**Q** 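Provided herewith is a single structure, encoded as structure tokens, for subsequent inquiry.
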Amino acid sequence: MKKILTIAFRNLRRYRRRTLLTASLVMLGVLSVLLFTSVTGSFKQMMIGQITDAMLGHIQIHQKGFLAAIDTLPLNRNLKDTQVDKVRAVLDNSDAVAAYSTRLKFGAMFSTFAETTNIRLNGVDPDRELQTVPLLGDRISGRDKPGLLAKGEILVPKLLATGMKVGVGDTVVLVATNKDGSVNGQNFVIGGIVEALSGPGGRDGYIHIEDARSLLRIETDEVSEVAVRLSDIGLLKNTTATLAKELATLRGKEDKPLFEIHSWQELTPFFNIVKMIDVMTFFIKIMLVAIVLVSIMNVMVMAVYERINEIGTIAAIGTGPGKIMALFLSEGLLLGIIGAALGIVVFLAAVAVLNVVPISFDFGQQKGLLLEPAISFAEIVSISLIVVAISVLGSLQPAWKAATMDPITALRHV
Amino acid sequence: MALVEARDLHKSYQDGTTVVHAVDGVSFAIEPGSLVSFVGPSGSGKSTLLNMIGCLDRPSSGSLTVAGQDVSRLTPRESARFRGQHIGFIFQDFNLIPILTVYENIEYPLLMVQNWAPERRRRQVETVLAAVGMADQGHKYPQQISGGQKQRVAVARALVSQAQLVLADEPTANLDKATALQIIALMKRMRDDFGTTFIFSTHDPKIVGTAEIILTLEDGRLVSAEGHGGTP
Ligand SMILES: Nc1ncnc2c1ncn2[C@@H]1O[C@H](COP(=O)(O)OP(=O)(O)OP(=O)(O)O)[C@@H](O)[C@H]1O
Ligand SMILES: [Mg+2]
């Protein structure tokens, strides 16, 4: 094997320029795939991180039918306190659940005494909310007190604050209609401004859950949703399925399911972008395969054609078809390995450069997010393996031609 | 027993609508340790005959035995094996492998065709390298040596795996007279030293008379067979 590789390597060295050109093509292919995958991967991760860790959580549980009516934030679709207890029991029992937060969602009138507008609000327990969506704190600006939120305070979405010309420390009135249709108002002090996030719920305000209950005159522990954070987002699929199964055993009257459970992927349209990125990555990989296949095949067809006489010679002196085949396959293999290795080296260099000279981009209202190429070792290995395998595949036909060549015809060839 | 024995050997090619009888009923026997040449005008069938003896081509009919083996029905894979074990080749254009040094070219059959152990291989390569007078040129590449030297290396490569039979189709066609005669003399000496049988073809008048047995072909038929001591 070593001797075959040595000969293959020397043959590559013999046509140095051509080898370099082909290896560069393969290198470029590998580099673009690695860069594309890592940059989009980083974009994906960052967006998923923003959306799950600053707003949605990984999983949400509602009463059956809540999500379909979410635009009106119906109070009559809340989880009753007995139901909340059941959900709590299931969540407390799961090892994959790191934290969860119960939210009371509702719509209200937001008045500055001069102007009035609509606002969507989340009543939350600040500590539990922060454990569930730890990046929420980063979205708050202008806050001069410790903690996310205190009782009597409201976190106002940025666009609303700008539009209504209010700032931190100002007093506003929230007026809400409760389930029975009666109206109640309460004063709040603006405790901070929330940066908007793309997607549903990205422009909601926050108040303390107890304030929400008193505003809505709710005496029970009912909530609109339970947001769940997992210890590892990799557990998302399995945990969602397990929790769904356990929640499904809890049935209401007439044996109807009580709960609905959704992973973040079902809750935000951004997941379609994520899917699209994955599809694009797939097509880029197909292009890589095509580039490698065509360039290796091309160069190997040339290599066989140029060496017909040599093939005739080694065949005449007794080199078997298998060895001749192996000689040419090894050449393709080495070309693939060299190209892939160069691609990885240049990619790592590019990543190193990006770490020194970062590129930033904006996502919705979020400015200056840093691009950090993120790619797993396994992904690099799998791309390299694909390239090497395709290189061998591309050499197959030329190698077969060389191996089955008639020595007399080959020797007579000039 | 004869090393090569041909009986009523035929080889014909379909050339368009006409059939060319390149070898047309040839019978002969060659004893081990001979120095034989096929001579004859261009197109008389010398190459065709050598190709059949060398198991590169199969006869259309007749029987052909080489080193005790009926070689008229070998598959490509079998004939490759047989060539690697029993037959050495010398070519008109030398056909050394340009990416290998002189030493590696000679080593090639032991490394890639047979599977000799490194130490034994080294000794054997050095022996034949010295035998053809190229002991100090082993590190050079083919493009760094002269035509005559290349053909010496080719002789060494043909001999290195201790083949009983070495075939050479027009081995001196690309060499000047003095060099050509040196190569024939080298073959003769190798025959003496190693007992190898050499069969070469030529239509070159300079060296026609140098073999000990001269088989003359014309239009695919053997027209004369003469044996003499040969002149160096
Ligand atoms: N593959 C082939 N197809 C058709 N005809 C062939 C083929 N090979 C050889 N011939 C014919 O067979 C005859 C003998 O050819 P061969 O090459 O054996 O002659 P030769 O004695 O070696 O000639 P030269 O001295 O020119 O090399 C010629 O007429 C040639 O045209
Ligand atoms: Mg000829």
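Since the structure is predicted, the reported quantities are computational estimates derived from the model, not experimental observations. Naming: A, B, ... by sequence-line order, numbering from 1 per chain.
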**Q** If you take all heavy atoms of B:Ala80 and A:Gly320, which pair is closest and at what distance?
**A**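 Shortest heavy-atom separation between B:Ala80 and A:Gly320 comes out as CB-CA, 4.4 Å.
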
**Q** Below 3.5 Å only, please: all the donor-acceptor pairs between chain B and chain A, one per line.
**A**
residue, atom, partner, partner atom, Å
B:Arg83, NE, A:Ala315, O, 3.4
B:Arg83, NE, A:Ala316, O, 2.8
B:Arg83, NH2, A:Ala315, O, 2.8
B:Asn95, ND2, A:Thr313, OG1, 3.0
B:Ile99, O, A:Arg10, NH1, 2.9
B:Glu104, OE1, A:Arg10, NH1, 2.6
B:Glu104, OE1, A:Arg10, NH2, 3.4
B:Glu104, OE2, A:Arg10, NH1, 3.4
B:Glu104, OE2, A:Arg10, NH2, 2.5
B:Tyr108, OH, A:Thr319, OG1, 2.9
B:Leu111, O, A:Lys3, NZ, 2.8
B:Met112, O, A:Lys323, NZ, 3.0

**Q** Report the distance from atom CD1 of A:Ile7 to atom CE of B:Met112, rounding to the nearest 0.5 Å.
**A**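 If we round to the nearest 0.5 Å, A:Ile7:CD1 and B:Met112:CE are 4.0 Å apart.
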
**Q** In this structure, are over 12 heavy atoms from other groups packed under 6.0 Å from B:Phe28 atom CZ?
**A**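 Yes - once you tally the heavy atoms of other residues, nucleotides and ligands closer than 6.0 Å, there are more than 12.
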
**Q** Tell me, for B:Leu56 versus chain A, whether the close heavy atoms (under 4.5 Å) come from the side chain, the backbone, both or neither.
**A**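 For B:Leu56, backbone and side chain are both near chain A.
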
**Q** Are more than 12 heavy atoms, taken from residues, nucleotides or ligands other than B:Asp219, located less than 6.0 Å from that residue's CG atom?
**A**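 Atom CG in B:Asp219 is not packed in, count stays at 12 or less.
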
**Q** Identify which part of A:Ile408 has an atom lying under 4.5 Å from any heavy atom of chain B, answering side chain, backbone, both or neither.
**A**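 Answer is side chain: those atoms of A:Ile408 sit under 4.5 Å from chain B.
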
**Q** When heavy-atom pairs shorter than 4.5 Å are enumerated against chain B, which of A:Gly312, A:Pro321, A:Gly322 gives the highest number?
**A**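 Most heavy-atom pairs under 4.5 Å with chain B: A:Pro321.
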
**Q** What's the separation between atom CZ in B:Phe89 and atom CD1 in A:Ile314, rounded to the nearest 0.5 Å?
**A**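 Here the rounded value is 14.0 Å.
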
**Q** Counting only heavy atoms not in A:Met302, do more than 12 fall under 6.0 Å of its CE?
**A**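 It does: A:Met302 CE has more than 12 such atoms within range.
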
